[in-house]
Asker: 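Here it is, the structure, as structure tokens.
Quick caveat: nothing in here was measured; it's all calculated off a predicted structure. Here is the naming used below: chain letters follow the sequence lines, and residue numbers restart at 1 for every chain.
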Amino acid sequence: MSSADPPSPEAVKTSRYTHRHLHLLRQGSTATPLRTIAHIDLDAFYAQCEMVRLGTPRDTPLAVVQWGSLIAVNYAARPSGITRMVSASEARSLCPNIVLQHVATFREGEGGRWAYRDGSARDVKTEKVSLDPYRAESRKILRTMESELQRWRTDESEGDLYRLTQGLSAGLEKASIDEVFIDLSPLVYCVLLRRYPELRVNALVEKRDEALPPPPTTALEWHPEECLIDLDTQESEEDNPDWDDLVMLTAGEIVRSVRKAVWDNLQYTCSAGIGRNKMIAKLGSACNKPNKQTLVRNRAVRSFLSSYKFTQIRMLGGKLGDQIKSYFGTDQVSDLLNVSLEQFRAKLDDHTATWLYGIIRGEDRSEVNPRTEIKSMLSAKSFRPSINSVEQAEKWLRIFAADIYGRLVQDGILETRRLPRVITLYHRVTVMRSRQLPIPGSSSIDEDTIFSLAQQLLQQVVADGQAWPCSNLSLSVSSFHDGITKNKAIEDFLVRGDQAKSLSHSSRPREPDSPDEQASGQKKQRVDNGGIKRFFNQQTSSEHMAVAGEGIPGQIESDPGHADSGPALPNTPEPPQDSLEIPHFFCERCSQSISEIEREEHDDWHFAKDLQMQDRQEARSSQPLPRPAASSKPSNPRGRGGRGRRRKAKCGWHSS
DNA sequence: CTACACCGC
DNA sequence: GGGCGGTGTAG
């Protein structure tokens, strides 16, 4: 080729994405267009649990029964027209060879022990359902998924990258007994940097806004079992792939291995959806069931969503969706795309209008909340006919107490000291009502203390009148001591990472002051550490706080023992071995070498630390400053709810 | 705190 | 569609 030849169009083409887009993946930022979320959903979960327990072959029709109704139907039974709507007897006539397995039950006088009983031994009047076997399987599946993800982290990360991932969370959110969301962004980031060395250049902060080099391939080989959503009509499969396609390819590989691990270890099949946010991922996982995974590429989002009724989108399946349907005379996403933001604002409150406008265009910044621990436990029973006396009610309270206590023990409550602080009794006469009491922290929690508190609550209900006839009774424990409550308070202290990034470094992110926030020096210290750590990692779970420890961003700690190692840290670690040739810079303030990848975060960390000092001085002089006007997208249609509201002292870290 | 909305099998 | 069980928000 002579020097006069113009470069071919292929050669000059660059990526639509920048180094900044790429590096934001590492922290699981909601702001990057390369973000990747998976939603994994077990197929007909309760039915699979029974198949595994009973050793039923995959092709044998099976349904799970609860007092004559089906609550789960496996895929082998569905061709016979069996759905959850039909009764057990109808199912039998539709498919004579179906296995109909009733759920396990507790029985009065048998304490917290549940059992599978045959039809003749079961009595809806004296027994209550136990879903414990399914919770146990759910836990096993979750652990298997976590461990497979951990394997990816250790296999794919080396040198700097290995250390960079260690502080980051698993990014796994338990969304229900059989569903998880996973933020794959940090993992995909590591895999891409390992596999495509050209991405490691230009990590320098000054170059962050430059476009990424084009991917070194003109055609992708998708895995044969991958289900791809068709591209939007104006897009073509012939176009060269960009990095978002490579991200998808990688995410598909990770999710396939997670699903395989679940199958190999536990014999459960699941379906997955992968896309740029939770909403897309969730819709995707339902596209090809059972035992398939669906990739929704960025260039497919528009046409993918246009084929849906908006009432199928998360949060729009209920009354809000109905309202929107009646306001605009349609239930189709495609019709709603013609409605302007102003028109939405005319009918809906501002937050909901903005959220809706974005969500039907495939925009959803809601975070994957790294949480696998349960937040409340409930044990319930419906009565037909209703019950009419304290004696009858107390029999059920004993079973509820035994049920809940058993579950507390299974969750390792005794070892972890993660104890519930609130107990609630729900009852329905014509309308549902509830009453709650604090659980005393002094005495140890056992079956009897739970029952006795429930009894107290029942007395209150009876004293109020309106207790009978009771058609539903349930008991719940919640507000776990070591749980999310503490961190909600911490979360209130600082703005989110994304919000902070949108602020100029000269402005000052902070929540409105409350008089009781000016705690003692020691208490304040704990707040600052937790808050600042969260500021960078965007984590909310206490689990993560516990493992991550405190350290200088950019310097991954090898010893979790030295908490609160700030810039004054005496033992500066060896310079990192640079297997990836990622450039480093020397921070004068901490006399340490910091990877360029983390430079921005590191600077932010100094910024936040400075703010902390400023805060202390202001606390002393009692001069509250106004909050900067920070804009942020609502993560749900109800808006920003609890943030910025005052927490009760007894639930926070400043309790005494 | 209480009630309600929304989601799952 | 009802029973059971979970999450989150408004006031």
Asker: Consider the side chain of A:Ala380, meaning its heavy atoms from C-beta on, and name the nucleotide among C:dG5, B:dA5, C:dG2 that approaches it most closely.
Answerer: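 So the nucleotide nearest the side chain must be C:dG5.
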Asker: A:Asp178 has an atom CG; how far is it from atom P of C:dC4, in whole Å?
Answerer: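 In whole Å, C:dC4 P and A:Asp178 CG are 19 Å from each other.
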Asker: Rounded to the nearest 0.5 Å, what separates atom NZ in A:Lys289 from atom CG in A:Asp41?
Answerer: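 With rounding to 0.5 Å, NZ (A:Lys289) is 4.0 Å from CG (A:Asp41).
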Asker: Side chain of A:Ser434 only, please: which of C:dG6, B:dT2, C:dG2 is the nearest?
Answerer: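 So the side chain of A:Ser434 is nearest to B:dT2.
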Asker: Could you go through the side chain to side chain contact (heavy atoms under 4.5 Å, CB included) check for A:Val477 and A:Ile439 one step at a time?
Answerer: CA-CA 9 Å; A:Val477 295; A:Ile439 299 174; 4.2 Å; yes
Asker: CD of A:Gln460 versus P of B:dC1: gap in Å, rounded?
Answerer: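 Those two atoms, CD and P, are 12 Å apart.
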Asker: Just how far, in rounded Å, is P of C:dT7 from CZ of A:Arg135?
Answerer: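 Interatomic distance, CZ of A:Arg135 to P of C:dT7: 11 Å.
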Asker: Tell me whether the rings of A:Tyr116 and A:Trp114 are parallel (<30°), tilted (30 to 60°) or perpendicular (>60°).
Answerer: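 If you compare the ring of A:Tyr116 with that of A:Trp114, the planes turn out perpendicular.
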Asker: Rounded to the Å, how far apart are A:Met377 CE and C:dC4 P?
Answerer: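 Answer to the nearest Å: 19 Å.
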Asker: Compare the minimum distances between each of B:dC7, C:dG3, C:dG1 and the side chain of A:Lys282, then state the nucleotide with the smallest one.
Answerer: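 Between B:dC7, C:dG3, C:dG1, the one nearest the side chain of A:Lys282 would be B:dC7.
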Asker: Which nucleotide in the set B:dC7, B:dA5, B:dC9 lies at the smallest distance from any side-chain heavy atom of A:Ala72?
Answerer: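 Looking only at heavy atoms from C-beta outward on A:Ala72, the closest nucleotide is B:dC9.
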Asker: Do the side-chain N or O atoms of A:Arg84 get closer than 4.0 angstrom to the phosphate oxygens (OP1, OP2) of B:dG8?
Answerer: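 For A:Arg84, the contact criterion (side-chain N or O under 4.0 Å from OP1 or OP2 of B:dG8) is not met.
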Asker: Would A:Glu179 and A:Lys282 count as a side chain to side chain contact (heavy atoms under 4.5 Å, CB included) here? Give the steps.
Answerer: CA-CA 9 Å; A:Glu179 287 173 75; A:Lys282 165 98 187 178; 2.7 Å; yes
Asker: Quick check: on DNA chain C, is the nucleotide nearest A:Phe383 upstream (toward 5') of the one nearest A:Val86, or the reverse? Name the residue that is more 5'.
Answerer: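 The 5'-side residue here is A:Val86.
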Asker: Rounded to the nearest angstrom, tell me the gap between atom NE2 in A:His39 and atom C1' in B:dG8.
Answerer: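 Rounding to the nearest Å, NE2 of A:His39 and C1' of B:dG8 are 10 Å apart.
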Asker: In terms of side-chain heavy atoms of A:Ser382, which of B:dC9, C:dG3, C:dT7 is nearest?
Answerer: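 Side chain of A:Ser382 sits closest to C:dG3.
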Asker: Checking contacts here: which listed nucleotide (C:dG6, C:dG1, B:dG8) is nearest the side-chain heavy atoms of A:Ser69?
Answerer: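 Of C:dG6, C:dG1, B:dG8, C:dG1 is nearest to the side chain of A:Ser69.
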Asker: Below the 4.0 Å mark, does C:dT7 have OP1 or OP2 next to a side-chain nitrogen or oxygen of A:Ser376?
Answerer: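 So the side-chain polar atoms of A:Ser376 do come within 4.0 Å of the phosphate oxygens OP1 or OP2 of C:dT7, strictly under.
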Asker: Are OP1 or OP2 of B:dA3 and a side-chain N or O of A:Arg433 less than 4.0 angstrom apart?
Answerer: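 Indeed, a polar side-chain atom of A:Arg433 lies that close.
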Asker: Classify the side chain of A:Gln66 and the base of C:dG3 as holding, or not holding, a donor-acceptor pair under 3.5 Å.
Answerer: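 Under the 3.5 Å cut-off, the side chain and the base do form a donor-acceptor pair.
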Asker: Quick one: on DNA chain C, does A:Ile71 or A:Ala175 contact a more 5' nucleotide (nearest heavy atom)?
Answerer: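 Looking at DNA chain C, the more 5' nearest nucleotide goes with A:Ile71.
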Asker: Kindly point out which of B:dC9, C:dG5, C:dG3 is positioned nearest to the side chain of A:Trp67?
Answerer: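 Among B:dC9, C:dG5, C:dG3, the one nearest the side chain of A:Trp67 is C:dG3.
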Asker: Would you kindly give the CZ-to-P distance between A:Phe480 and C:dG8, to the nearest whole Å?
Answerer: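 Checked: the CZ to P distance equals 13 Å.
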Asker: Tell me the interatomic distance from A:Leu320, atom CG, to B:dA5, atom C1', rounded to whole angstroms.
Answerer: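 Going from CG in A:Leu320 over to C1' in B:dA5 covers 10 Å.
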Asker: What's A:Ile177 touching, base or sugar-phosphate or nothing? Going by heavy atoms closer than 4.0 Å.
Answerer: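 Nothing, no nucleic acid heavy atom in range.
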Asker: Under 4.0 Å: is that the gap between some side-chain N or O of A:Lys375 and OP1 or OP2 of C:dG5?
Answerer: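 Negative; the distance criterion is not met.
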Asker: Hey, does A:Ser379 reach any base, or is it just sugar-phosphate, or nothing, if we go heavy atoms under 4.0 Å?
Answerer: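 It contacts sugar-phosphate atoms only.
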Asker: When we call it a touch if two heavy atoms are under 4.0 Å apart, what does A:Lys174 touch: a base, just sugar-phosphate, or nothing?
Answerer: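 Nothing, no heavy atom under 4.0 Å.
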Asker: Take A:Val339 and A:Leu356 through the side chain to side chain contact (heavy atoms under 4.5 Å, CB included) test and state the conclusion after the steps.
Answerer: CA-CA 11 Å; A:Val339 179; A:Leu356 178 62; over 6 Å; no
Asker: Show your working on salt bridge (charged side-chain N to carboxylate O under 4.0 Å, His left out) between A:Glu110 and A:Arg113 and close with a plain yes or no.
Answerer: CA-CA 6 Å; A:Glu110 295 186 3; A:Arg113 297 188 313 279; 5.3 Å; no
Asker: Taking the side chain of A:Gln436 as heavy atoms from C-beta outward, which of B:dC9, B:dC7, B:dT2 is closest to it?
Answerer: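 In terms of side-chain proximity for A:Gln436, the closest of B:dC9, B:dC7, B:dT2 is B:dT2.
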Asker: Can you check whether A:Arg384 has a side-chain N or O nearer than 4.0 Å to OP1 or OP2 of C:dG3?
Answerer: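 For A:Arg384, the contact criterion (side-chain N or O under 4.0 Å from OP1 or OP2 of C:dG3) is met.
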Asker: What contact category does A:Asp41 fall into here, base, sugar-phosphate, or nothing, at under 4.0 angstrom with non-hydrogen atoms?
Answerer: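 The residue A:Asp41 makes sugar-phosphate contact but no base contact.
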Asker: Looking at the side chain of A:Ile374, which of C:dT7, C:dG5, C:dG3 is the nearest nucleotide?
Answerer: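 Minimum distance to the A:Ile374 side chain belongs to C:dT7.
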Asker: Send over the distance from A:Phe310 CZ to B:dC6 P, rounded to a whole Å.
Answerer: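 Nearest whole value for this atom pair: 13 Å.
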Asker: Between A:Lys278 and B:dC7, is there a side-chain N or O to OP1/OP2 distance below 4.0 Å?
Answerer: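 No, outside the criterion.
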Asker: Are A:Phe328 and A:Phe344 an aromatic pair, judged by ring center distance below 6.0 Å?
Answerer: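 When the ring centroids of A:Phe344 and A:Phe328 are compared, they turn out to be within the sub-6.0 Å range.
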Asker: Has A:Arg314 got a side-chain N or O lying under 4.0 Å from the OP1 or OP2 atom of C:dG8?
Answerer: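 Indeed not, no polar side-chain atom of A:Arg314 lies that close.
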